[in-house]
Trainee: 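The structure is given below, and queries will be raised subsequently.
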Amino acid sequence: MSSRVHLINPSNLSFGVAVITPRWLFVLAAATGTQWGDPILIDETLDPIDLNSIAKGDVVGIGIHTGNALRGYEIGRLARERGAWVVFGGIHATLFPDEVHEHGGAHAVVKGDGDVIWSKVVADCFAGTPQRLYDGGRIEGDQFLPARWDLLPKDRYMWASVQTVRGCPKHCSFCSVWRTDGQEPRQREVDRVVREIVELRRRGFRFIALADDNFYPVSHEDLAMARRRADKTRLHELEALRAERFELMAHLEQLPDDTIFFTQITMEAAEDTEFLDAMRRAHIRGALVGVEAVTPEGLKDVYKGFNLSGDELIARLKQFRKHGVHVLGSFIFGLPSDKKSTFDATVALADKADITFAQFVLLTPFPGTLDFEKWAKDIKNSNTKVDGVPITQHWLIPEPRRPKLYTAHPNMALEEIRVGTQGAWDSFYSWPRVWSRASRSVKSTKARVMFVLISKLYRQMYANTGIATDSARVQRSARTARLLGLAAKRLFRGTPMPDLQMPSVTPAAMRPNQAS
Ligand code: B12
Ligand code: SF4
């Protein structure tokens, strides 16, 4: 049998179904080309890999972020033992190519975007001459490849994912996006994005996550600052970016009415009601908004001074809802300014601001971030190790032994923060609160059942498995998530529309008014 290409998304936990497609798998599948046959795609969030499927001479591409790097390394070593060519890519491999070689049995590591370089890497491996390191760079928006959705396994994912823009102009201290993907937004051509979405609708997907770093890449302040400059080049660039967003939304508006998009956006978008209205018309019904902290001190802790706090924050978040965009608020716990009262105060604010979903994450120094650099420098001399692994490489500590928090807190014990965070999830996603939000957010019984299922599933997948320290609880949550997922996936299935055509839009419909 001839050699094959395998693409593997590693995970320690498999749920049988997944909420969102890991887009990189389907994009790299497109980048592989067809001369080696279709690649074999393995997403371990669905099922664990069967290593017997890997043969000598095969090429194995493994994509890792920091959280799943250790599992990726285990698979890499095992695949290499079976005689395969092992290549790593993804954000963590981009940040630490040497570590990947040391721990993952890699023949090659690809830094940056894989779209353009991957076919060369595969060809080099099959020729027996892989390079140690490839640099895929930061490609232009019009070079991003559309995904191979024909390789999507049937009925395993609830939401497909399509990227419209990569990069973010902000510089939050806990986030690596602006440093790895860059601060210059790279927008994909409207036509290409829409073509992919139409293909997904033809296949029966009506729920699509826009896997963007920040769907609102040009704020009023950015425009005002550019306007103050004598040289207007930057202003024209920003205006063009903004106009392209409206062009995209005008096209999305033409899609069937039951289409639902979800994206990620900064809170600033609330200033731009024209943009929010265009989002609603474009079927973008929800957005993850990084609220992070509810006090000015907390926002200062994460360099997110462009967010608001207190009553102004509530008003700003409500603005999304008023314009038909549901908010998934993302909050960080463990910030130096947090107090015991912060947990309850945050849940209360989420309620008051009419947030539809929320996530409460523990402050984690992810490599590639300013927080990580500062933390690693501060802690270096302490020489702290867990199971012989330096704490500054926390992702290499086996998951059951991995600490949940890394920075000593001025007011609280770390366990107190972990328990407080778990408590915030429990309280926000309690049955009465979920039901009350469902009744306020959606009308039909079916939509309410979906709302409840997705709320409970979200909590099981992202909170109970990520924050709990007790492995029995983690396993129980994974089983519950699997059952909820099986029930939910039927509800998310849309009717295939094989005859759906590309929307046509008049130039006038695409134009935004001039922003202030
Ligand atoms: C959409 C998204 C999500 C979604 C969907 C996840 C999914 N199933 O895909 C949701 C909301 C669920 C999510 C959750 C989380 N996410 Co997230 N997410 C993203 C986001 C915005 C886009 C990812 C994406 O689809 N990009 C599109 C694809 C095409 O790009 P890509 O993955 O980068 O792949 C390209 C290259 O990296 C490369 N490549 C990738 N793999 C491989 C493999 C090979 C062999 C090669 C050659 C190349 C290659 O080629 C690809 C094509 O160019 C990224 C931000 C970002 N810019 O990456 C964060 C990001 C990946 N998430 C991040 C984090 C921290 C999380 C959470 C831990 C958040 C939390 N605290 O709960 C969870 C973890 C979930 C989990 N267990 O995996 C961090 C990771 C940081 C790090 N150092 O690892 C990122 C970078 C955001 C950030 N703020 O820093 N996420
Ligand atoms: S957290 Fe969001 S707004 Fe901040 S830099 Fe990252 S992507 Fe941009």
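Hydrogens, waters and symmetry mates are skipped; everything else that's a heavy atom, side chains included, is used. Just so you know, these numbers come straight off a predicted model, no measurement behind them. For ligands, and for the atoms within them, numbers begin at 1 and follow the listed sequence.
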Trainee: Between Arg459 and Asp426, is there a side-chain N and carboxylate O pair less than 4.0 Å apart?
Mentor: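 The answer is yes: the pair qualifies as a salt bridge.
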Trainee: Can you check atom 38 (C) of ligand 1: any protein non-hydrogen atom closer than 4.0 Å?
Mentor: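 Flag for atom 38 (C) of ligand 1 set to true, protein heavy atom closer than 4.0 Å.
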Trainee: Is the closest heavy atom of Ile139 to ligand 1 under 4.0 Å?
Mentor: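 In this structure, Ile139 fails to qualify as a contact of ligand 1 - no heavy atom is under 4.0 Å.
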Trainee: Would Ser219 and Glu221 count as having a side-chain donor-acceptor pair, cut-off 3.5 Å?
Mentor: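 No, no side-chain donor-acceptor contact under 3.5 Å.
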Trainee: What protein heavy atom sits nearest atom 23 (C) of ligand 1, and how far off is it?
Mentor: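 Of the protein heavy atoms, Ala211 CB, 4.6 Å lies nearest.
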Trainee: Strictly by modelled atom types, are Trp36 and Ser3 linked by a side-chain donor-acceptor pair under 3.5 Å?
Mentor: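 Per modelled atom types, Trp36 and Ser3 side chains form no pair under 3.5 Å.
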Trainee: Which part of Ile117 is near ligand 1, with near meaning a heavy atom under 4.0 Å away: side chain, backbone, both or neither?
Mentor: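 For Ile117, there is no contact with ligand 1 at all, from either part.
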Trainee: So, regarding Trp118 and ligand 1 (criterion: nitrogen or oxygen to nitrogen or oxygen, under 3.5 Å), is there a contact or not?
Mentor: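 No, there is no polar N/O contact under 3.5 Å.
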Trainee: Checking His6 against Asp58: is there a side-chain donor and acceptor pair closer than 3.5 Å?
Mentor: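 There is such a pair between these side chains.
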Trainee: Distance alone, cut at 3.5 Å: any donor-acceptor contact between the side chains of Gln264 and Tyr216?
Mentor: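 Checked: Gln264/Tyr216 side chains show no N/O donor-acceptor pair below 3.5 Å.
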Trainee: Once you round to the nearest 0.5 Å, how far does OG1 of Thr421 lie from CG of Leu363?
Mentor: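 Between atom OG1 of Thr421 and atom CG of Leu363 there are 10.5 Å.
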Trainee: Counting from 1, what ligand 1 atoms have a heavy atom of Thr21 closer than 4.0 Å?
Mentor: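 Heavy-atom distances to Thr21 below 4.0 Å select 8 (N), 9 (O).
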Trainee: N/O of Ile62 under 3.5 Å from N/O of ligand 1, yes or no?
Mentor: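 Not met; the criterion fails.
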Trainee: Parallel, tilted or perpendicular: which one describes the rings of Phe360 and Trp425, with boundaries at 30° and 60°?
Mentor: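 Perpendicular, since the angle between the ring planes exceeds 60°.
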Trainee: Just so I know, are the side chains of Val289 and Ile265 near enough to count as touching, which here means a heavy-atom distance under 4.5 Å?
Mentor: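 Yes, side chains in contact.
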Trainee: For Ser161 and ligand 1, answer yes if some heavy atom of the residue is under 4.0 Å from a ligand atom, otherwise no.
Mentor: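 In this structure, Ser161 fails to qualify as a contact of ligand 1 - no heavy atom is under 4.0 Å.
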Trainee: Quiz question for you: does at least one protein heavy atom lie closer than 4.0 Å to atom 91 (N) of ligand 1?
Mentor: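 Neighbour list for atom 91 (N) of ligand 1 is empty of protein heavy atoms (cut-off 4.0 Å).
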Trainee: Between the candidates Leu28, Ile64, Asp213, which shows the shortest non-hydrogen contact distance to atom 56 (C) of ligand 1?
Mentor: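 The nearest heavy atom belongs to Asp213.
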Trainee: Begin from the C-alpha positions of Arg148 and Glu199 and carry the test salt bridge (Lys or Arg N to Asp or Glu O under 4.0 Å) through to its verdict.
Mentor: CA-CA 10 Å; Arg148 282 275 310 266; Glu199 185 191 341; over 6 Å; no
Trainee: Strictly by modelled atom types, are Ser14 and Glu44 linked by a side-chain donor-acceptor pair under 3.5 Å?
Mentor: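 No, because no side-chain N or O of Ser14 sits under 3.5 Å from a partner of the opposite role on Glu44.
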Trainee: Ignoring hydrogens and geometry beyond distance, is a side-chain donor-acceptor pair present between His92 and Thr66 at under 3.5 Å?
Mentor: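 Yes, because at least one side-chain N or O of His92 sits under 3.5 Å from a partner of the opposite role on Thr66.
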Trainee: Give me the residue, atom name and distance of the protein heavy atom closest to atom 2 (Fe) of ligand 2.
Mentor: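 Ranking protein heavy atoms by distance from atom 2 (Fe) of ligand 2, first comes Lys304 NZ, 4.3 Å.
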Trainee: Applying side-chain contact (heavy atoms from CB on, under 4.5 Å), can you list everything that pairs with Phe262, at least two apart in sequence or on another chain?
Mentor: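 Scan of Phe262 (side-chain contact (heavy atoms from CB on, under 4.5 Å), adjacent residues dropped) gives Trp159, Leu288, Leu328.
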Trainee: Purely on distance, is any nitrogen or oxygen of Trp24 under 3.5 Å from one on ligand 1?
Mentor: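 Between Trp24 and ligand 1, no N or O pair is found under 3.5 Å apart.
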Trainee: In terms of residue, atom name and distance, what is the protein heavy atom nearest to atom 3 (S) of ligand 2?
Mentor: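 Checking every protein heavy atom, the shortest distance to atom 3 (S) of ligand 2 gives Thr266 CG2, 3.5 Å.
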Trainee: Please classify the Arg166 to ligand 1 contact at 4.0 Å (heavy-atom distances, strictly less than): side chain, backbone, both or neither.
Mentor: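 Looking at Arg166 and ligand 1, just side chain atoms fall under 4.0 Å.
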Trainee: Output yes when a protein non-hydrogen atom is found under 4.0 Å of atom 59 (C) of ligand 1, and no otherwise.
Mentor: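 Protein heavy atom within 4.0 Å of atom 59 (C) of ligand 1: absent.
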Trainee: Starting from atom 57 (N) of ligand 1, what is the nearest protein heavy atom, named by residue and atom, and what distance separates them?
Mentor: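 Looking only at protein heavy atoms, the one closest to atom 57 (N) of ligand 1 is Asp181 OD2, 2.5 Å.
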Trainee: Between Glu99 and Tyr73, do the side chains contain an N or O donor and an N or O acceptor separated by less than 3.5 Å?
Mentor: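 Their side chains do contain a donor-acceptor pair, which is all the 3.5 Å distance test asks for.
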Trainee: For atom 72 (O) of ligand 1, find the nearest protein heavy atom and state the residue, atom name and distance (0.1 Å precision).
Mentor: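 Scanning the protein heavy atoms, the shortest distance from atom 72 (O) of ligand 1 goes to Val361 CG1, 4.1 Å.
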Trainee: With rounding to the nearest 0.5 Å, note down the distance linking OG1 in Thr21 to CG in Leu41.
Mentor: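 So the gap between those two atoms works out to 11.5 Å.
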Trainee: Among Asp213, Asp113, Asp212, which residue meets the salt bridge (charged side-chain N to carboxylate O under 4.0 Å, His left out) test with Arg166?
Mentor: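 It is Asp113, the one option of Asp213, Asp113, Asp212 that forms the salt bridge (charged side-chain N to carboxylate O under 4.0 Å, His left out) with Arg166.
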Trainee: Which heavy atom of the protein is the closest neighbour of atom 88 (C) of ligand 1, given with residue, atom name and distance?
Mentor: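 The closest heavy atom on the protein side is Val177 CG2, 3.7 Å.
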Trainee: Around atom 19 (C) of ligand 1, find the nearest protein heavy atom and jot down its residue, atom name and distance.
Mentor: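 Going atom by atom, the protein heavy atom closest to atom 19 (C) of ligand 1 ends up being Gln264 NE2, 4.3 Å.
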Trainee: Counting only heavy atoms on the protein side, is anything nearer than 4.0 Å to atom 82 (C) of ligand 1?
Mentor: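 It does; a protein heavy atom is within 4.0 Å.
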Trainee: Among side-chain atoms of Asp43 and Thr45, is any donor-acceptor pair under 3.5 angstrom?
Mentor: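 Result is yes, a qualifying pair exists.
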Trainee: Is atom 12 (C) of ligand 1 touching the protein, meaning some protein heavy atom lies under 4.0 Å away?
Mentor: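 Looking at atom 12 (C) of ligand 1, one finds that a protein heavy atom does lie closer than 4.0 Å.
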Trainee: Which of the protein's N, O or S atoms come within less than 2.8 Å of atom 6 (Fe) of ligand 2, not counting waters?
Mentor: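 Metal shell, protein only: Cys175 SG.
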Trainee: Report the nearest protein non-hydrogen atom to atom 84 (O) of ligand 1: residue, atom name, distance rounded to 0.1 Å.
Mentor: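 Answer for atom 84 (O) of ligand 1: Thr66 N, 2.8 Å.
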Trainee: Check this for me, if you would: do Arg188 and Glu244 make a salt bridge, where the nitrogen-to-carboxylate-oxygen distance has to be below 4.0 angstrom?
Mentor: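 Salt bridge between Arg188 and Glu244, a charged N being under 4.0 Å from a carboxylate O: no.
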Trainee: Considering the heavy atoms of Gly63, write down every atom of ligand 1 situated less than 4.0 Å from one of them.
Mentor: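 Those qualifying, in numeric order: 41 (N), 42 (C), 43 (C).
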Trainee: Under a 4.0 Å N-O cut-off, is there an ion pair linking Glu102 with Arg77?
Mentor: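 No, no charged N to carboxylate O under 4.0 Å.
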Trainee: For atom 64 (C) of ligand 1, is some protein heavy-atom partner under 4.0 Å away?
Mentor: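 Protein heavy atom within 4.0 Å of atom 64 (C) of ligand 1: absent.
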Trainee: Going by a strict under-4.0 Å cutoff (protein heavy atoms only), does atom 6 (C) of ligand 1 have a neighbour on the protein?
Mentor: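 Answer no: nothing from the protein, no heavy atom, is under 4.0 Å.
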Trainee: Is there a heavy atom of Ser176 sitting under 4.0 angstrom from any atom of ligand 1?
Mentor: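 True for this residue.
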Trainee: Quick one: nearest non-hydrogen protein atom to atom 50 (O) of ligand 1, plus distance?
Mentor: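 The closest heavy atom on the protein side is Gly114 N, 3.0 Å.
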Trainee: Measure from atom 40 (C) of ligand 1 to every heavy atom in Gly90, Pro367, Gly61, Gly112 and give the option owning the shortest one.
Mentor: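 That would be Gly90.
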Trainee: Check Glu74 with Arg71, please: is the shortest side-chain N to carboxylate O separation under 4.0 Å?
Mentor: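 Yes.
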Trainee: In ligand 1, which numbered atoms sit nearer than 4.0 Å to a non-hydrogen atom of Cys175?
Mentor: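 Numbered from 1, ligand 1 contributes 88 (C), 89 (N), 90 (O).
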Trainee: Taking only heavy atoms of His65 into account, list the atoms of ligand 1 that are under 4.0 Å away from them.
Mentor: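 Every atom of ligand 1 under 4.0 Å from some heavy atom of His65: 78 (O), 84 (O).
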Trainee: To which protein heavy atom is atom 86 (C) of ligand 1 closest, and what is the distance rounded to 0.1 Å?
Mentor: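 Of every protein heavy atom, Ile91 CD1, 3.5 Å lies nearest to atom 86 (C) of ligand 1.
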Trainee: Does the protein put a heavy atom less than 4.0 Å from atom 48 (C) of ligand 1?
Mentor: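 Yes; the ligand atom in question has protein heavy-atom contact below 4.0 Å.
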Trainee: Against ligand 1, does Gln163 come closer than 4.0 Å with any heavy atom?
Mentor: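 Judged by the 4.0 Å heavy-atom criterion, Gln163 does count as contacting ligand 1.
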Trainee: For ligand 1, note which part of Phe174 has a heavy atom under 4.0 Å away: side chain, backbone, both or neither.
Mentor: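 No part of Phe174 comes within reach of ligand 1.
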Trainee: With a 6.0 Å cut-off on the ring centroids, do Phe174 and Phe366 count as close?
Mentor: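 No, too far apart.
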Trainee: Would you check whether Ala209 reaches within less than 4.0 Å of ligand 1, judged by its heavy atoms?
Mentor: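 Contact check Ala209 vs ligand 1: negative.
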Trainee: Exactly one of Gln187, Glu189, Arg245 should register a side chain to side chain donor-acceptor pair (under 3.5 Å) with Thr164. Which one does?
Mentor: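 For Thr164, the side chain to side chain donor-acceptor pair (under 3.5 Å) check succeeds only for Arg245.
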Trainee: Check each of Val110, Asp115, Asn12, Val19 against atom 53 (O) of ligand 1 and report the one with the nearest heavy atom.
Mentor: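 The nearest heavy atom belongs to Asp115.
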